[in-house]
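For reference, the structure discussed in these notes is given below.
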Amino acid sequence: MHRVLISDPLSEDGIKPLLEAADTEVIQKPSMEKEELLEEVAKADALIVRSQTQVTKEVLEHGVNLKIVGRAGVGVDNIDLDAATDNGVVVVNAPDGNTISTAEHTMAMLMSMARNIPQAYHSLQQGNWDRKKYVGVELKNKTLGVVGFGRIGRVVTRRAKGHRMNVIAYDPFLTREKAEKAGVEHGTLDEVLALADFITVHTPLIAATHHLINKDAFAKMKNGARILNCARGGIIEEEALYEALQSGKIAGAALDVFEEEPAINNKLLELPQVVSVPHLGASTVEAQENVAVDVSNDVMEVLRGGNAKQPVNIPSIPEEMQDKLTPYITLSEKLGAFLGSIVRGGLNNINVYYSGELTDVDPTPLTRKVVKSVLQLFVGNRVNDVNSYKIAKDKGIEINEQKTTSTKGFTNLLTVELETDEETRSIAGTLLNGLGARVVRLDGYSVDVIPEGHLISIHHKDQPGAIGRVGSLLAEHDVNIATMQVGRTDIGGAAIMILTIDKEVGPECQEHLAHVEDINRVQYLKL
Ligand SMILES: NC(=O)C1=CN([C@@H]2O[C@H](COP(=O)(O)OP(=O)(O)OC[C@H]3O[C@@H](n4cnc5c(N)ncnc54)[C@H](O)[C@@H]3O)[C@@H](O)[C@H]2O)C=CC1
Ligand SMILES: O=C(O)C(=O)COP(=O)(O)O
């Protein structure tokens with residue numbers, strides 16, 4: 001039974017798949033104090049949050065069984081992604097489910113600010129009929145500056161154009177061609193700041209965007225410009241915004257999010273030019289259901305051993321690639337485990353070569369499987385798909401991935417090479433149509449081995465009697481040989497034997513084998 005802890009309020013309809021799954025137990029505890037969260041996360045296999053729960057390094061380290069953190073929403077700035085990766089915890093989010101709601105909310109905030117609706121409402125509630133004080137501005141023919149032209153930025157743009165606004169956008173990934181296609185003007189950040197009447201930010205909060213809109217940025221804006229933040233507190237420097245509003249440089253601000261939330265004592269809220277709500281961008285029935293469904297599905301998939309659709313801290317396998325790559329996943333793991341089990345010395349490099357039809361795909365997910373299975377033998381079971389690259393990097397192990405044209409006659413060929421401080425060894429495998437995975441080369445010797453079960457790899461001298469002596473000794477130890485493959489380079493030269501056997505061979509039997517005449521090296525492995 002998988003234990004799923006939900007620590008922020010989520011849509012009941014959205015988490016139905018989790019609640020109804022026979023293999024998951026769902027614990028819903030919104031608004032826990034830190035101590036309780038640490039206690040609960042220690043028992044959980046999965047944690048699902050929104051923006052409120054702070055998934056810190058401490059929380060992740062307490063999650064000894066944790067496999068996945070699901071963010072029912074977009075921003076993952078409340079999750080320590082490095083710590084999650086270090087601890088082998090995959091982080092997923094729901095990037096599409098709340099786009100429309102947040103964009104619509106941005107438009108609502110834009111219009112509220114332009115027409116002073118919250119202020120006028122409040123005034124009327126106080127018994128004042130003050131029409132002069134709340135004269136607004138039209139949106140038509142005004143310029144909206146969009147900083148961050150991603151999912152939400154693009155939807156806001158379309159809505160704003162519906163209001164006959166001109167839009168100028170800045171995003172490091174926005175080219176002039178793409179801007180033209182989207183019907184917006186392409187600008188640098190400075191151009192957006194200088195030309196816009198309204199500026200709306202839609203970037204993630206990351207180091208590069210922290211205080212992106214600061215004192216200097218406000219100085220570059222038009223006098224009387226208005227600004228919106230329905231993305232994340234911290235993108236706009238609040239102190240600088242306060243000064244810009246106080247001085248009149250900025251005529252208004254519409255804020256959904258704040259540097260510190262809950263924003264109870266924030267002095268910006270005292271200013272009459274500020275329209276504000278408590279982080280409501282994604283708070284619609286539809287968005288909450290969407291994100292909860294998406295994240296629940298990913299959580300179940302990962303807990304059941306599958307791949308996340310929307311991983312944040314590992315590359316995702318595009319859907320159209322999944323069918324093509326999935327059969328190779330086992331092959332990658334087996335090749336890594338095979339070679340990792342028999343190589344000697346301290347590991348320096350893991351080289352993975354792809355040829356044949358494997359050159360048509362992005363093989364990174366397969367390399368990740370190879371690296372994981374090799375490192376598990378060197379570092380232990382804490383290595384998984386999420387942290388394998390990081391652990392390799394920390395240990396100074398280099399990972400090289402290469403596509404080659406050398407197929408050795410196979411339609412697909414995956415070769416793994418391990419370089420240690422003692423030796424370099426290689427193994428190659430293929431998927432045979434209808435027959436499954438095969439090892440077809442080991443250290444340059446041609447073989448044909450199913451990478452499964454109990455195996456013995458033996459280096460020997462190609463001499464009459466060598467094979468017989470191995471067979472006899474294994475019989476003495478009551479070990480039955482299922483299959484045997486022998487490869488050699490020259491008659492009487494170095495050769496290799498790979499045996500598939502029916503049961504494990506103990507250290508004593510291996511020791512005896514190693515002393516058999518013409519036998520150089522004996523290695524037992526279980527795949
Ligand atoms: N207020 C709320 O309730 C919600 C807030 N959000 C916030 O909105 C943000 C944006 O969401 P989406 O549009 O879905 O994400 P997205 O990933 O589709 O778009 C973000 C865009 O920002 C751009 N960007 C990154 N660094 C930049 C920089 N230095 N300058 C300019 N652009 C930069 C990226 O290239 C990307 O195109 C999220 O990261 C989240 O923090 C999202 C949903 C709800
Ligand atoms: O999706 C996001 O990034 C949001 O900011 C929404 O946050 P919430 O899930 O409403 O706490």
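Just so it is clear, the model here is predicted, and its values are computed rather than measured.
Within 6.0 Å of the CG atom in Leu435, the count of heavy atoms belonging to other residues, nucleotides or ligands exceeds 12. Within 6.0 Å of NZ in Lys461 there are 12 or fewer heavy atoms belonging to other residues, nucleotides or ligands. Annotation: Leu525, atom CG; neighbour count of heavy atoms from other residues, nucleotides and ligands within 6.0 Å is above 12. Heavy atoms from other residues, nucleotides or ligands lying under 6.0 Å from CG of Asp82 number 12 at most. In this structure, Lys309 places its NZ atom where only 12 or fewer heavy-atom neighbours from other residues, nucleotides or ligands lie under 6.0 Å away. For CD of Glu180, the number of neighbouring non-hydrogen atoms (other residues, nucleotides, ligands) closer than 6.0 Å is 12 at most. Remark: Glu422 CD is packed, more than 12 non-hydrogen atoms of other residues, nucleotides or ligands lying under 6.0 Å away.
Between His512 and His477, the angle of the ring planes lies from 30° to 60°, which puts this pair in the tilted group.
Contact check for Ser355 versus Thr405: no side-chain heavy atoms found under the 4.5 Å cut-off. Side-chain contact check for Asn384 versus Val89: every heavy-atom pair is 4.5 Å or farther apart. The closest side-chain heavy-atom distance from Val383 to Val371 is not below 4.5 Å. When side chains are defined from C-beta on, Thr420 does not count as touching Asn348, because their heavy atoms never get closer than 4.5 Å.
For the side chain to side chain donor-acceptor pair (under 3.5 Å) with Asp448, the lone residue among Arg438, Gln485, Arg441 that qualifies is Arg438.
By the 6.0 Å and 45° rule, Arg368 stacks over the aromatic ring of Tyr389.
At a threshold of 4.0 Å, the pair Arg3-Asp45 does not count as salt-bridged, since none of the basic side-chain nitrogens sits closer than that to a carboxylate oxygen.
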